[in-house]
Amino acid sequence: MATLTHLRALHATIGSALDDIERVYNGHNVDFPSPDVPVMLKDSDADLTPGSAEALLKTDEVVKASSYIIAACGQLSTAVQNPFFALMEGVSGSQVAAAIQILEASHAPEILRVAGPDGLHVDELARKIDELRAAKGPVSRPLEPWRLGHILRLLAAHQWVREVSPDVFAASRLTGILDSGTTPEQIRENPQSKYDGPNGMAGLMLICADEMYRSIGCFPEWLLSPREGTNYASPFNYAYQTDETFYAWLERPEHASRLKLMGRGMKTVRVAEGSGSVTDESVFPWNTLPADSLIVDVGGGIGSVSIQLAEAYSHLRFIVQDRQKTVAIALTVWGADHKELFDSGRVSLQPQDFFAAQPTSYEVPGVGRVDKPAVFVLARVMHNWGDEDCKKILSQLRAAAGPSTKLIVIDQILPLACRDESDVALVPADSPLLPNLGKAYASGYYFDISMMVSLGGKERTLREFSEISRASGWQISNVVRATGSCWAYTTLSPV
Ligand SMILES: C[S@@+](CC[C@H](N)C(=O)[O-])C[C@H]1O[C@@H](n2cnc3c(N)ncnc32)[C@H](O)[C@@H]1O
């Protein structure tokens, strides 16, 4: 196909996807969410009004059309861009990352929310930021307004904020995703309280900003020319000069607040699941399980997946297993939320190392001892580990499984960048879009490299999943992909 014909085909893809979105929104008589109005992210979609602009964004039709637009725009802009500017964009991505970190750490999202759509002049914004910084102790170097203005202008070019008039900045839709939902007064009184607010993304950002950012910074050096005499297992180990795993390192007493943020942040990353949810009957026929069936949520963190399922299916029982220290803080992180589930014993917590043998039976409050769980869940765990470690985890679960026990793995499944006969196609055969939906699904590859640098793990292709499953006595019996991301719910059955 001639290049210009190909570019026209991409343009047509954008047009027809936009038609689809317009039809959905016109059908509900609402406008598409404005890029200028901050979105307020919550851990749960439950309170989204059906048919509202935000709720429609999560419908399959809109998610699919949006993915096509993002993929096509990405390909079109790369095709027409001067390669030098493409290079600049690629190698300068860390500048945007740093600017986003500054946005969050300065509490600008909360200050700009209060300022409203007219925004604030950088002089005023810098003064307010320094007031909040002072809550943690004397500020050694005041934030210079001109510097703040330049940082925000870089962000405005990427629509993270808006420059409404010279040097006056306001929040955009994207600013809202970093807004903790607490007020500047609450932050001033107790800076740490920000991370207990309704939006856990700000807290997760801290981990991305520090540990991930530093680890990725030395990824090329660790991979290709490590310091002489070093043999660290991952860029994280190399950057922090430790042999501890990331999780053991998080458990150091001096990192107690970060361990809490990690647990809290897992509630938030659900948004990466696109339009799907673990509670969908297409993911697993939860309703067909007999009353009091036991679900064991392995490496379940503070239990975010179990809570979601327990709320949707009142006939099921859950045990959340994790490392001792995570289990110990879980109830503190939840506070009063979901107290009735823990109090009634429908969801209980159990310290359990997933590399060790599972108990021979499980004590389920109100039910008694259960020998074989109906389902093991492994959510966002496999991607933390290399193949050999995953095989050890899967083999322990296989040894504890009964003939009808299922294992549900919730993780990304990475599409290959070429067509793959053994996997479902993400785009029709005659589509001008990249087979892996390019920029639209890039977050899967970002997660992949983040896992590689911080934990020595990886996201996996379907082929890679099949191999480690088979080697551990399991076979894949069902794969449900979320629309709009690489997220997948994979059911494994004992071989
Ligand atoms: C990415 S988090 C996922 C948590 C949870 N499944 C979720 O999706 O919300 C991975 C979890 O694995 C736990 N973990 C790490 N090493 C473990 C081990 N050896 N045994 C049990 N849990 C472990 C961590 O403490 C953490 O809570």
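Between the side chain of Arg173 and the main chain of Pro38, no donor-acceptor pair closer than 3.5 Å is present. Using modelled atom types, no side-chain atom of Gln350 and backbone atom of Val327 make a donor-acceptor pair closer than 3.5 Å. Judged by distance alone, with hydrogens and angles left aside, the side-chain atoms of Thr230 form no donor-acceptor pair with the main-chain N or O of Tyr232 at under 3.5 Å. The backbone N or O of His383 lies less than 3.5 Å from a partner atom in the side chain of Asp411, making a donor-acceptor pair. The closest donor-acceptor contact from the side chain of Glu467 to the backbone of Glu464 lies at 3.5 Å or more, if one exists at all. With hydrogens and angles disregarded, no donor-acceptor distance shorter than 3.5 Å links the side chain of Trp160 to the backbone of Val96. Thr326 places no side-chain N or O within donor-acceptor distance of the main-chain N or O of Gly301, the cut-off being under 3.5 Å. Using a distance-only test at 3.5 Å, with no hydrogens or angles considered, a donor-acceptor pair links the side chain of Thr332 to the main chain of Ile329. No side-chain donor-acceptor contact under 3.5 Å links Ser454 to the backbone of Phe236.
A ring-ring contact (aromatic ring centres under 6.0 Å, His included) with His255 is found for exactly one of Tyr247, Tyr240, Trp249, namely Trp249. The only member of Ile129, Ile187, Thr182, Leu112 that meets side chain to side chain contact (heavy atoms under 4.5 Å, CB included) when paired with His107 is Ile187.
Between Ile476 and Leu462, some side-chain heavy-atom pair lies under the 4.5 Å cut-off. Side-chain contact check for Pro184 versus Leu132: some heavy-atom pair is nearer than 4.5 Å. Taking the side chain as every heavy atom from C-beta outward, Phe342 and Ile307 approach each other to under 4.5 Å. Taking the side chain as every heavy atom from C-beta outward, Phe284 and Val278 never approach each other to under 4.5 Å. Considering only heavy atoms from C-beta on, Glu54 comes within 4.5 Å of Val39 through its side chain. The shortest side-chain heavy-atom distance between Leu125 and Leu152 falls under the 4.5 Å cut-off. For the pair Lys406 and Asn478, the minimum side-chain heavy-atom distance is 4.5 Å or more. Residues Val298 and Gln396 fail the side-chain proximity criterion, which asks for heavy atoms closer than 4.5 Å.
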Step-by-step side chain to side chain contact (heavy atoms under 4.5 Å, CB included) determination, Leu394 to Leu407: CA-CA 9 Å; Leu394 292 178; Leu407 166 61; 3.5 Å; yes

Ile393 vs Phe354, side chain to side chain contact (heavy atoms under 4.5 Å, CB included): CA-CA, chis, key distance, verdict: CA-CA 6 Å; Ile393 299 170; Phe354 47 48; 3.5 Å; yes

Pair Asn436, Tyr445 - check side chain to side chain contact (heavy atoms under 4.5 Å, CB included), show working. CA-CA 11 Å; Asn436 62 356; Tyr445 304 102; 3.1 Å; yes

Stepwise side chain to side chain contact (heavy atoms under 4.5 Å, CB included) check, Asp297 with Leu309: CA-CA 11 Å; Asp297 186 357; Leu309 284 167; over 6 Å; no

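Among all heavy-atom pairs drawn from Ser67 and Gly484, the shortest one is OG-CA, 3.6 Å. A pairwise comparison of heavy atoms in Lys372 and Ala400 identifies CD-O, 3.4 Å as the closest pair. Shortest non-hydrogen contact noted between Gly444 and Cys486 is CA-SG, 3.9 Å. Considering all non-hydrogen atoms of both residues, Pro109 and Leu103 come closest at CD-O, 3.1 Å. Across all non-hydrogen atoms, the minimal contact from Val347 to Ser306 is CG1-CB, 4.5 Å. Contact detail for Asn384 and Arg380: the closest heavy-atom pair is OD1-O, 3.6 Å.
Within the structure, every pair that satisfies the side chain to side chain donor-acceptor pair (under 3.5 Å) test and touches residues 133-151, not counting sequence neighbours, is listed here: Asp130-Arg133, Glu144-Arg147. Sequence neighbours left out, the pairs with a member in residues 89-112 that pass salt bridge (Lys or Arg N to Asp or Glu O under 4.0 Å) are Glu104-Lys194, Glu110-Lys194. Under the side chain to side chain donor-acceptor pair (under 3.5 Å) criterion, the residue pairs touching residues 217-226 are Glu221-Tyr238, with sequence neighbours excluded. Residues in residues 353-367 take part in these side chain to side chain donor-acceptor pair (under 3.5 Å) pairs, two or more places apart or across chains: Gln321-Gln358, Gln358-Tyr362, Ser361-Arg369, Glu363-Arg369.
For Glu254, the CD atom is densely surrounded, since the number of other residues' heavy atoms within 6.0 Å is greater than 12. Within 6.0 Å of the CG atom in Asn231, the count of heavy atoms belonging to other residues, nucleotides or ligands does not exceed 12. With a 6.0 Å radius and a threshold of 12 heavy atoms from other residues, nucleotides or ligands, Gln159 has its CD atom at or below the threshold.
Here the straight-line distance linking atom OG of Ser395 with atom CH2 of Trp474 works out to 10.0 Å at 0.5 Å rounding. Note: Leu397 CG to Leu492 CG = 10.0 Å, rounded to the nearest 0.5 Å. Taken from OG in Ser215 to CZ in Phe246, the straight-line distance is 7.5 Å, to the nearest 0.5 Å. Taking NZ of Lys325 as the start and CG of Asp322 as the end, the distance is 13.0 Å to the nearest 0.5 Å. Considering OG of Ser106 and CG of Leu148, their distance stands at 7.0 Å, rounded to 0.5 Å. Rounded to the nearest 0.5 Å, atoms CG (Asp448) and CG (Leu414) are 5.0 Å apart.
With 3.5 Å as the limit, one finds no donor-acceptor pair spanning the side chains of Tyr489 and Asp280.
Lys128 and Glu131 are not joined by a salt bridge, as no carboxylate oxygen comes within less than 4.0 angstrom of a charged side-chain nitrogen.
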Would you give me the side-chain donor-acceptor pairs under 3.5 Å for residues 310-320, sequence neighbours excluded?
residue : atom : partner : partner atom : Å
Glu311  : OE2  : His338  : ND1          : 3.1
Tyr313  : OH   : Thr279  : O            : 2.6
Tyr313  : OH   : Glu281  : OE2          : 3.0
His315  : NE2  : Trp286  : O            : 3.3
His315  : NE2  : Leu289  : O            : 3.1
Arg317  : NE   : Asp292  : OD1          : 3.1
Arg317  : NH1  : Pro365  : O            : 3.0

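The aromatic rings of Phe355 and Trp385 lie perpendicular to each other, with more than 60° between the two planes, well past the 30° mark.
Remark: Asp423 pairs with Arg481 by the salt bridge (Lys or Arg N to Asp or Glu O under 4.0 Å) rule, at least two apart or across chains.
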